[in-house]
Protein chains: 2
Amino acid sequence: MAHQTVGHPPPGLPDHPHTTAPAPTPTCPVEITLAALSGRWTTLVIRELLRGSRSYSDLRRALPTLSDKVLTDRLSHLTATGVVHRDRHPGWPPRVRYTLTPHGHRLGPVLQALWDWGARDG
Amino acid sequence: MAHQTVGHPPPGLPDHPHTTAPAPTPTCPVEITLAALSGRWTTLVIRELLRGSRSYSDLRRALPTLSDKVLTDRLSHLTATGVVHRDRHPGWPPRVRYTLTPHGHRLGPVLQALWDWGARDG
DNA sequence: CTGAATCCCTGCCGATACTG
DNA sequence: CAGTATCGGCAGGGATTCAG
């Protein structure tokens, strides 16, 4: 996924004058965000982490129907995009804490906006 | 796509106490919105329509790299979800206008929220 | 406990050709 | 002008199994 319309200033959603919209590239801010949220379960993982840091198995328990692979995929993707911070504790058994970064926390309002629209009757 | 966490009150993103998150169903408002925005090009089509109503070929011209099939898919999906209104004029040649519904217009702030997060440095 | 590796299956999207 | 029909490729995601 990716959007682009060349020369779109940050708060400039409704302003693109007539520029043709070219191919989708992950340069468009809207697409960057959608890419960060993309994938099934992603928003649920984020919401879980909005409540505080969690271990791998905490997340497994909170999201029972999601497989190891997918959870791992989501966490690594979220870590790669700077949404989640991964904290590895030394010792045995291995303990890892997943926490939202400040950037990740700022997804709260975004999810809220998504929620609000979806909750309203069409 | 679909989210659900049972008993989530409308403005209640950060409030789910401990309820386990079950299978994804299109009941969760967040998922409803993401479903409405889902699919490549969708947000660009919406943004184009945020500027005013457009004909089919207007959209084709504004989004040059998208195929007939995909544009048709997007428009019918958006129409089905109540985001877009389709206005068929009688006569020849056939003239059709696509316009955002009020509900569709309310996606403006949502896209803005997505834009803002994506535009900010991680 | 916290993952990584593999396999297969499904659904999306792009291209092309054709119709009312 | 405004679509529909069809086909194929490819990536996403689920289940299972193995590893540090």
Side-chain angles (χ1 to χ4, degrees), chain A residues 1-4 21-26 31 34-45 48-49 53-81 84-99, chain B residues 1-4 21-26 31 34-45 48-49 53-81 84-99:
Chain A
M1 291 184 197
H3 289 167
Q4 166 145 11
T25 53
E31 279 309 318
L34 287 177
L37 298 178
S38 79
R40 220 165 142 178
W41 303 106
T42 303
T43 60
L44 285 182
V45 171
E48 199 58 32
L49 291 175
S53 68
R54 294 284 187 272
S55 72
Y56 185 86
S57 32
D58 286 340
L59 294 170
R60 285 299 320 239
R61 269 189 298 277
L63 280 26
T65 59
L66 111 66
S67 72
D68 278 327
K69 180 201 176 186
V70 175
L71 179 54
T72 302
D73 285 353
R74 294 300 170 265
L75 288 172
S76 67
H77 184 224
L78 290 171
T79 302
T81 51
V84 164
H85 174 66
R86 201 187 139 147
D87 211 353
R88 176 167 245 130
H89 287 247
W92 192 262
R95 300 221 169 244
V96 179
R97 292 248 109 200
Y98 290 97
T99 314
Chain B
M1 292 185 193
H3 289 168
Q4 165 145 9
T25 54
E31 280 308 317
L34 287 177
L37 299 178
S38 78
R40 219 166 146 180
W41 303 105
T42 304
T43 60
L44 285 181
V45 171
E48 199 59 30
L49 292 175
S53 68
R54 295 282 187 270
S55 72
Y56 185 87
S57 33
D58 286 339
L59 294 170
R60 284 300 320 248
R61 270 189 299 278
L63 280 28
T65 59
L66 113 65
S67 72
D68 277 327
K69 180 202 174 182
V70 174
L71 179 54
T72 302
D73 284 353
R74 294 300 170 265
L75 288 172
S76 65
H77 184 224
L78 290 171
T79 302
T81 51
V84 164
H85 175 66
R86 198 187 143 146
D87 210 353
R88 175 168 246 131
H89 287 247
W92 192 264
R95 302 224 167 241
V96 180
R97 293 248 108 200
Y98 291 96
T99 314

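Since we're looking at a predicted model, the values are computed, not measured. Proteins come first, then strands; the chains are lettered A, B, ... in the order of their sequence lines, and each starts at number 1.
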Spacing of [X] atom [atom1] relative to [N] atom [atom2], expressed in whole Å:
X	N	atom1	atom2	value
A/Leu71	D/dG13	CG	C1'	13 Å
A/Leu78	C/dG3	CG	C1'	16 Å
A/Leu75	C/dC1	CG	P	16 Å
B/His77	C/dG11	NE2	C1'	14 Å
B/Arg40	D/dG9	CZ	C1'	13 Å
B/Asp73	C/dC13	CG	C1'	9 Å
A/Arg61	C/dC1	CZ	P	8 Å
A/Arg95	C/dT2	CZ	P	7 Å

So if I take every side-chain heavy atom of [X] and compare against [options], which nucleotide ends up nearest?
X	options	result
A/Val70	C/dG3, D/dG13, D/dA2	D/dG13
B/Pro93	D/dC1, D/dG3, D/dG14	D/dC1
B/Trp41	C/dG14, C/dT2, D/dT4	C/dG14

Self-check item: Which residues share a side chain to side chain donor-acceptor pair (under 3.5 Å) with B/Ser53, sequence neighbours left out
Solution: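 Residues passing side chain to side chain donor-acceptor pair (under 3.5 Å) with B/Ser53: B/Arg97.
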
Practice problem: Please identify each residue that fulfils side chain to side chain donor-acceptor pair (under 3.5 Å) with B/Arg60, with sequence neighbours left out. | Solution: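 By the side chain to side chain donor-acceptor pair (under 3.5 Å) rule, B/Arg60 matches B/Asp68.
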
Self-check item: Residues in side chain to side chain contact (heavy atoms under 4.5 Å, CB included) contact with A/Thr72, at least two apart in sequence or another chain
Solution: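 With neighbours one apart ignored, the set is A/Tyr56.
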
Quiz item: With sequence neighbours left out, what residues match A/Ser57 under side chain to side chain contact (heavy atoms under 4.5 Å, CB included)?
Solution: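 Expected list: A/Ser55, A/Arg61.
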
Quiz prompt | B/Tyr98 side chain near D/dG3 phosphate (N/O to OP1/OP2, under 4.0 Å) | solution =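 Looking at the OP1 and OP2 atoms of D/dG3, one of them is under 4.0 Å from a side-chain N or O of B/Tyr98.
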
Practice problem: Would you indicate, yes or no, if C/dT2 has its OP1 or OP2 atom less than 4.0 angstrom from a side-chain nitrogen or oxygen of A/Ser57? | Solution: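 Indeed, a polar side-chain atom of A/Ser57 lies that close.
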
Quiz prompt | Where protein sits on nucleotides 15-20 of chain D, one letter per nucleotide: B base, S sugar-phosphate only, - none, heavy atoms under 4.0 Å | solution = B----B

If you compare all heavy atoms of [X] against all heavy atoms of [Y], which two are closest, and at what distance to 0.1 Å?
X	Y	answer
B/Leu37	B/Thr42	O-CB, 3.4 Å
B/Thr81	B/Leu78	OG1-O, 3.2 Å
A/Leu34	B/Leu34	CD2-CD2, 4.3 Å

Exercise. Kindly indicate, with the supporting measurements, whether the criterion side-chain contact (heavy atoms from CB on, under 4.5 Å) is fulfilled by B/Thr65 and B/Trp41.
Key: CA-CA 10 Å; B/Thr65 59; B/Trp41 303 105; 2.8 Å; yes

Quiz item: Given B/Arg86 and B/Tyr98, is the side-chain contact (heavy atoms from CB on, under 4.5 Å) satisfied, shown in steps?
Solution: CA-CA 5 Å; B/Arg86 198 187 143 146; B/Tyr98 291 96; 3.4 Å; yes

Exercise. Indicate, with a heavy-atom threshold strictly under 4.0 Å, whether B/Arg97 touches base, sugar-phosphate, or nothing.
Key: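 No contact at all - B/Arg97 keeps every heavy atom at 4.0 Å or more from the nucleic acid.
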
Exercise. Would you indicate what A/Arg74 reaches in the nucleic acid, counting non-hydrogen atoms under 4.0 angstrom: base, sugar-phosphate, or nothing?
Key: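 Touches sugar-phosphate only.
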
Quiz item: Given axes from five pairs at either end, by how many degrees does the helix from C/dC1-D/dG20 to C/dG20-D/dC1 bend, rounded to 10°?
Solution: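 For the helix from C/dC1-D/dG20 to C/dG20-D/dC1, the axes at either end differ by 50°.
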
Exercise. Would you check, one step at a time, whether the test side-chain contact (heavy atoms from CB on, under 4.5 Å) holds for B/Glu48 with B/Leu59?
Key: CA-CA 8 Å; B/Glu48 199 59 30; B/Leu59 294 170; 3.7 Å; yes

